[in-house]
Amino acid sequence: MENGELARLLADVGVLLEITGANPFRVRAYENAARTVDDHPVPLKDMLAGGADLTALPGIGKDMAGHIREAIETGRLTVLEELKRKVPYTLVGLVRLPGVGPKRARKLWEALGVATLEELEVAAAAGRIEQLEGFGKKTQARILEGIATLKRRGDRFGIADADQLVAPLVAHLRRHPGVDRIEVAGSYRRRLETVGDIDILVIAADPGPVMQHFTSYGRVRRTEMAGPTRGTVVLDSGLQVDLRILPPESYGAALQYFTGSKAHNVKLRKRAVARGLSISEYGVFEASEATAEAERPPAGRRLGGATEEDVYAAVGLHWIPPELREDRGEIEAAERGLPKLLTTDDMRGDLQMHTTWSDGKHSIHQMVDACAKRGYQYCAITDHSKTLAMTGGLDAQALREQWREMDEVMARRSDIRLLRSLEIDILRDGSLDLDDETIAGLDLVLVSIHTLLDLPPAQQTRRILKAIEHPAVHVLAHPTGRLINRREPYAFDLDEVLHSAKQHDVALELNAHPQRLDLRDTQAMLARELGVRIVIDTDAHQVQELELMRYGVEQARRAWLEPKHVLNTQPLTKLLRQLGKKKL
DNA sequence: GCCGTTTTCGGCCCGACTGTTTTCAGTCG
């Protein structure tokens, strides 16, 4: 059982517990455990097989470790089976609808016998929902809309798609004279690879007109709610956007709070409570009993909140970059000082791109020119090898012809160095799709898998291991092969591959294309911890895609990477010396 | 169900908005 599947089971237990009215802290324990499992870069089944103690993981205690072991060893979870005897498992699907939580899901089942989304849709269409106590016409309509939306698109938005949708909305909001400051917060600011919705924070003295301006944005399909400080709309793209309007003195506290993540904020607030403080989106306050009763603003003395630095300083921490705010050790690290994270300015070159020689849209000259304009010292031309016939992959003879054209291009310029490279296919048996003699003529050897994606895991692992053991290989490109929201990663043992990559001095690629971002953040973190070098490149198939480098850098920041962890932050001479160490 | 520079028991983050409501539960982030 893979971690994702396991996490899903634990999360489902949490939802069913909630529906059955269990202790809410027990519910949260399952939610927390699910997140830990989902985030963990190494399959828990492998850790168990290796005799690891799962209770060392955050939020996993003795009981939870037992549940996980049971699920992995038997494929079933007794605690889940018992819950399924009390309530239908399909109720977890109802809770995914906006406006439907555990209480209403239970009510729908008990009063109407509705257990699935299909049954719910039928009941709502027949007008039977609005007659239930605690429901009404609006809730019924909202449920129908929610089901329709779920049918249209269940997935989260890729970060690059979100960028496209957010920019014009922010421009729209900025045009209102009452808007003092504006920031996009939430997972968007943390640069998560996908976002479920968008949180926008606005500082304005008079919120009413700004909220009005927000809901009147031309691409709003419907307004879910619009109060004095909070509003929610759904855009015609299906993207949900939340707007929060706060006064200037709360700017930092609000930005901190709305940036999240939830787990990060919970830990931060606990830390505040332990120091006799209270943190909310309005600021940092001295805790006082008087504030317990929903008093706004809180009565305790206000200690700060105008800046994010205020908030962190109040609990003895340095400011934490948004990309790190996932409760993965950043709060503990911020007591001492945090890593100096990579930026796009640190990148000295791009080490994967395609040209018209295979499936790219632009010539070598055009790609090199665009790289030089970005200020790079070097770039590698990495067309496909011959096995990928549909891309026009190059054989040894075509590759030598390409080298001649590269020499001609380079003869005309001294501002950037072009590296001879190829994205060589790893064949079924792990051998490479190019002869050693020709490989010896390359400056940079990239290998990757594009075929036979569904080999049995052990065989897939052996195939990849054999390829990276080849003495000339520098980089394993898009190591897991996933396409976000479209294709799962290949089934293989990443942990073993990382250890071998360390041993054989092979770098792993963090592919910057926002549909790949492969490695994912936690996997790149693991690579860093094991001392495996990372390459960040765009895999550009046209000059415009060279811009995508920023997404790779953002993902790297989420993995705590510093310039020293990334091969292509090195200046040209150091890079060449590094690459030259590997010889046939 | 987890966790521990007050604790191995008794805690566990904070606030807004809506709908269906005569004062608030449920949901959401």
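Only a predicted model underlies this, so the values are computations on that prediction, with no experimental measurement involved. Convention: sequence-line order gives letters A, B, ...; per-chain numbering from 1.
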So A:A272, base contact, sugar-phosphate only, or nothing? Heavy-atom distance under 4.0 Å. nothing
Distance, rounded to the nearest Å, where A:R96 contributes CZ and B:dT27 contributes P: 17 Å
Ion pair check, A:K45 and A:E2, cut-off under 4.0 Å: yes
With DNA chain B as reference, determine whether A:N265 or A:H67 sits nearer its 5' end, using the nearest nucleotide of each. A:H67
Would you please classify the geometry between the A:H176 ring and the A:H213 ring as parallel, tilted or perpendicular, with 30° and 60° separating the classes? tilted
So, does A:T232 get its side chain near the phosphate of B:dC17, meaning an N or O under 4.0 Å from OP1 or OP2? no
Does the pair A:E81/A:K84 count as a salt bridge with the N-to-O cut at 4.0 Å? yes
Spacing of A:K267 atom NZ relative to B:dC2 atom P, expressed in whole Å: 16 Å
Please list each protein N or O that sits under 3.5 Å from an N or O in nucleotides 20-23 of chain B, with the distance.
from	atom 1	to	atom 2	distance (Å)
B:dT20	OP1	A:G136	N	2.4
B:dT20	OP1	A:G136	O	3.2
B:dT20	OP1	A:K137	N	3.3
B:dT20	OP1	A:T139	OG1	3.4

Give me the distance, rounded to whole Å, that separates B:dC9 from B:dC14 when you measure between the P atoms they each carry. 26 Å
Is it the case that B:dG29 (base atoms only) and A:D197 (side chain only) share a donor and an acceptor within less than 3.5 Å, ignoring hydrogens and angles? no
Rounded off to whole Å, could you give me the CZ-to-P distance for the A:F258 and B:dC28 pair? 17 Å
Touch class at under 4.0 angstrom, heavy-atom based, for A:N23 against every strand present: base
Salt bridge present between A:E145 and A:R222 (N-O < 4.0 angstrom): yes
Regarding A:L268, tell me which of base, sugar-phosphate or nothing describes its non-hydrogen contacts under 4.0 Å with the strands shown. nothing
Using whole Å, report how far CZ of A:F25 lies from C1' of B:dC9. 15 Å
Taken to the nearest whole Å, NZ/A:K103 to C1'/B:dA25 is 8 Å
Expressed in whole Å, how much space separates the C1' atoms belonging to B:dT22 and B:dG15? 24 Å
Before accepting this row, confirm whether a basic side-chain N of the pair A:R328/A:E529 lies closer than 4.0 Å to the acidic partner's carboxylate O. no
Taking B:dC12, B:dC28, B:dG15 as options, the one with an atom nearest any side-chain atom of A:S280 is B:dG15
If you look at every strand shown and take non-hydrogen atoms under 4.0 Å, does A:N32 touch a base, only sugar-phosphate, or nothing? nothing
What is the pairing partner of B:dC17, taking Watson-Crick or G-U wobble pairs with both distances under 3.5 Å in any strand? B:dG26
Compute both the distance and the angle, then confirm whether A:R191 meets the cation-pi test with A:Y188: under 6.0 Å from the six-membered ring centre, within 45 degrees of the axis. yes
Heavy atoms under 4.0 Å, any strand shown: does A:V27 hit a base, just sugar-phosphate, or nothing? nothing
Please report the distance separating the C1' of B:dC3 from the corresponding atom of B:dT8, rounded so that it comes out in whole Å. 9 Å
In terms of side-chain geometry, is the basic nitrogen of A:R550 or A:D163 positioned less than 4.0 Å from the acidic oxygen of its partner? yes
For the pair A:E332 and A:K267, find out whether any cationic side-chain nitrogen is under 4.0 Å from an anionic carboxylate oxygen. yes
Whole-Å gap separating C1' (B:dT18) and CZ (A:R230): 11 Å
Would you say A:H264 places a side-chain N or O within less than 4.0 Å of OP1 or OP2 belonging to B:dC13? no
Ignoring backbone atoms, establish whether A:R269 has a side-chain N or O less than 4.0 Å from OP1 or OP2 of B:dC13. no
Between B:dG29, B:dG1, B:dT27, which nucleotide gets closest to the side-chain atoms of A:P102? B:dT27
Take atom CG of A:L17 and atom C1' of B:dC2, then tell me their distance rounded to the nearest Å. 14 Å
Among the nucleotides B:dC17, B:dT27, B:dC13, which one has an atom lying closest to any side-chain atom of A:P228? B:dC17
At under 4.0 Å between heavy atoms, what does A:E31 touch on the DNA or RNA strands: base, sugar-phosphate, or nothing? nothing
Any salt bridge between A:R190 and A:E326, counting N to O under 4.0 Å? yes
Distance between P atoms of B:dT18 and B:dC13 (Å, rounded): 26 Å
Please confirm whether the shortest side-chain N or O distance from A:R142 to OP1 or OP2 of B:dG19 is below 4.0 Å. no
Which nucleotide, B:dC17, B:dG1, B:dC13, lies nearest any side-chain atom of A:D63? B:dG1
Hey, is A:E281 close enough to A:R230 for a salt bridge, meaning N to O under 4.0 Å? no
Quick one: A:I68 CD1 to B:dC2 P, roughly how many Å, whole number? 9 Å
Inspect the contact between A:D161 and A:R156 and indicate whether a charged nitrogen and a carboxylate oxygen are less than 4.0 angstrom apart. no
Would you call A:R558-A:E554 a salt bridge at under 4.0 Å N-O? no
If you look at every strand shown and take non-hydrogen atoms under 4.0 Å, does A:L246 touch a base, only sugar-phosphate, or nothing? nothing
Give one of base, sugar-phosphate or nothing for A:Y257, where a contact means two heavy atoms less than 4.0 Å apart. base
List, with names and distances, any nitrogen or oxygen atoms from the protein found under 3.5 Å away from nitrogen or oxygen atoms belonging to nucleotides 3-8 of chain B.
from	atom 1	to	atom 2	distance (Å)
B:dC3	OP1	A:G59	N	2.8

